[in-house]
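The next block holds one structure in the form of structure tokens; read it before the comments.
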Protein chains: 2
Amino acid sequence: MAKRKQAVGDRISEAEHAVMEALWDASPLSAADVCDRVCAANDWSIPTVKTLLSRLVSKGAVGTEPEGRKFLYHPLIERSDYVGGESRRLVDRLFGGRAAPLFAHLAENEALSDDDLAEIEALLREMRK
Amino acid sequence: MAKRKQAVGDRISEAEHAVMEALWDASPLSAADVCDRVCAANDWSIPTVKTLLSRLVSKGAVGTEPEGRKFLYHPLIERSDYVGGESRRLVDRLFGGRAAPLFAHLAENEALSDDDLAEIEALLREMRK
DNA sequence: CGTATTCGATTACACCTGTAGCCGTTACGA
DNA sequence: TCGTAACGGCTACAGGTGTAATCGAATACG
């Protein structure tokens, strides 16, 4: 059985996503740890991070464990699930669910590096088999 | 710190995007025309569409021309610009700006049809030249 | 033992978004 | 000509989001 996915309507916002990234990168972390990792980049203060963490907890995206008297936070959803969901949403909304036009767009705008191209070719060859 | 004035470059929300799609599909259109094209699908009423159109106008994404007593609305931004911008935002946010991981994700989740694969291969061949 | 500190929890608040109602003007049909 | 339907413009309002201050309990330090 697949693990519980996010409920519809409990979308993770962009600011919350930055916090998730920190937790995916390393977990469990305390609120202060998370702040160390994201506050500077986003110009946030600690209360902001705490709010975002609370919201993520109430959305079921992050879980807590007590460590002494504080909490440690850890992700409850997989990054790949989130990323996959967001990607599919974009492809559905902008490209009628087809990935090829997205690819074409990235290609047209030179958003594809040589490395990207090589990697994609490798993936294609892989899938071919 | 004062709030910034709305200018070209404000983000288009999801609901607004649906309206933009109608205008990209055919323009100029009256508010009623737009409603004909999007109200049923989104379960909106005409006032909703009018609000969305106004917001798009104030965001500089849609322009108006008087047609008799009404207005006709037409897009001021190109669909490809919007789509490209959104795509790049996603790739930046989720994949560190690299398209290959996005591609890998779509591939892993079987979000790529055979047609997609064939098309992407063709594009790659094209770019190789 | 009492006080400063440290957390999480609660509260705040303005802006954005989705969704829609009401109002004043006006063109058109009776 | 007069009422009325149609339109655009303004208003509304709840829920989400970004951003943060404050409160109260637990703790560590002196």
Side-chain angles (χ1 to χ4, degrees), chain A residues 6-23 28-36 38-74 82 86 89 93, chain B residues 1-23 28-36 38-74 86 89 93:
Chain A
Q6 269 187 277
V8 189
D10 279 1
R11 298 272 318 274
I12 292 174
S13 77
E14 224 170 292
E16 287 158 5
H17 168 238
V19 168
M20 290 305 292
E21 288 292 346
L23 292 174
L29 295 178
S30 69
D33 293 338
V34 172
C35 189
D36 287 344
V38 303
C39 280
N42 296 88
D43 198 28
W44 288 335
S45 59
I46 240 272
T48 299
V49 169
K50 289 199 221 175
T51 299
L52 294 173
L53 281 168
S54 311
R55 288 178 183 167
L56 285 166
V57 169
S58 67
K59 284 177 182 183
V62 161
T64 58
E65 358 156 359
E67 179 242 26
R69 33 227 113 36
K70 330 180 188 181
F71 275 114
L72 293 185
Y73 299 86
H74 58 92
Y82 173 73
E86 291 295 302
R89 215 185 318 283
R93 202 161 61 85
Chain B
M1 177 96 73
K3 65 174 177 180
R4 64 191 198 293
K5 180 68 183 148
Q6 321 280 67
V8 191
D10 272 337
R11 302 255 350 252
I12 291 172
S13 77
E14 224 169 295
E16 287 159 5
H17 168 239
V19 168
M20 290 304 292
E21 288 292 345
L23 292 174
L29 295 178
S30 70
D33 292 338
V34 172
C35 188
D36 287 346
V38 304
C39 281
N42 296 88
D43 199 29
W44 288 337
S45 59
I46 237 273
T48 300
V49 170
K50 290 205 262 181
T51 298
L52 294 173
L53 281 168
S54 311
R55 288 179 182 167
L56 286 167
V57 168
S58 68
K59 284 179 184 182
V62 161
T64 57
E65 356 157 358
E67 180 242 25
R69 268 321 91 201
K70 339 178 187 179
F71 276 114
L72 293 185
Y73 298 86
H74 59 91
E86 291 295 302
R89 278 174 41 82
R93 201 162 61 85

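Residue numbers begin at 1 in each chain, while the letters A, B, ... track the order of the sequences. When reading the values below, keep in mind they use all heavy atoms of this one structure, side chains included, and skip hydrogens, waters and symmetry mates.
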Using atom CG of Leu29(A) as one end and atom P of dG8(C) as the other, report the distance to the nearest whole Å. 12 Å
Which part of the nucleic acid, if any, lies within contact of Ala32(A), taking any heavy atom under 4.0 Å across all strands shown: a base, the sugar-phosphate backbone alone, or nothing? nothing
Any donor-acceptor pair under 3.5 Å linking the side chain of Ser54(A) with the backbone of Lys50(A)? yes
Please report the interatomic distance CG(Leu52(B)) to CD(Glu14(B)), rounded to the nearest 0.5 Å. 12.0 Å
Please determine if a side-chain N or O atom of Lys59(B) lies less than 4.0 Å away from the OP1 or OP2 oxygen of dT17(C). yes
Ion pair check, Lys59(A) and Glu16(A), cut-off under 4.0 Å: yes
How long is the line joining NZ of Lys50(A) and C1' of dA9(C), in whole Å? 9 Å
Between Ala15(A) and Ser54(B), just flag the one whose closest nucleotide in DNA chain D comes earlier from the 5' side. Ser54(B)
Between the side-chain atoms of Arg55(B) and the base atoms of dT19(C), is any donor-acceptor pair under 3.5 Å? yes
Please pick, from dT19(C), dG21(C), dT19(D), the nucleotide with the shortest atom-to-atom distance to any side-chain atom of Leu52(A). dT19(D)
How far apart are the C-alpha atoms of Tyr73(A) and Val57(A), what are their side-chain angles, what is the distance that settles it, and do they pass the side chain to side chain contact (heavy atoms under 4.5 Å, CB included) test? CA-CA 9 Å; Tyr73(A) 299 86; Val57(A) 169; 4.0 Å; yes
Could you check how far CD of Glu67(A) sits from C1' of dT6(C), rounded to whole Å? 13 Å
Heavy atoms under 4.0 Å, any strand shown: does Thr48(A) hit a base, just sugar-phosphate, or nothing? base
Would you mind telling me which of dT17(D), dT19(D), dT17(C) lies closest to the side-chain atoms of Thr51(A)? dT19(D)
Quick one: Lys70(B) NZ to dG9(D) P, roughly how many Å, whole number? 14 Å
Of the nucleotides dG8(D), dA20(D), dT19(C), which one has an atom closest to the side chain of Trp44(B)? dT19(C)
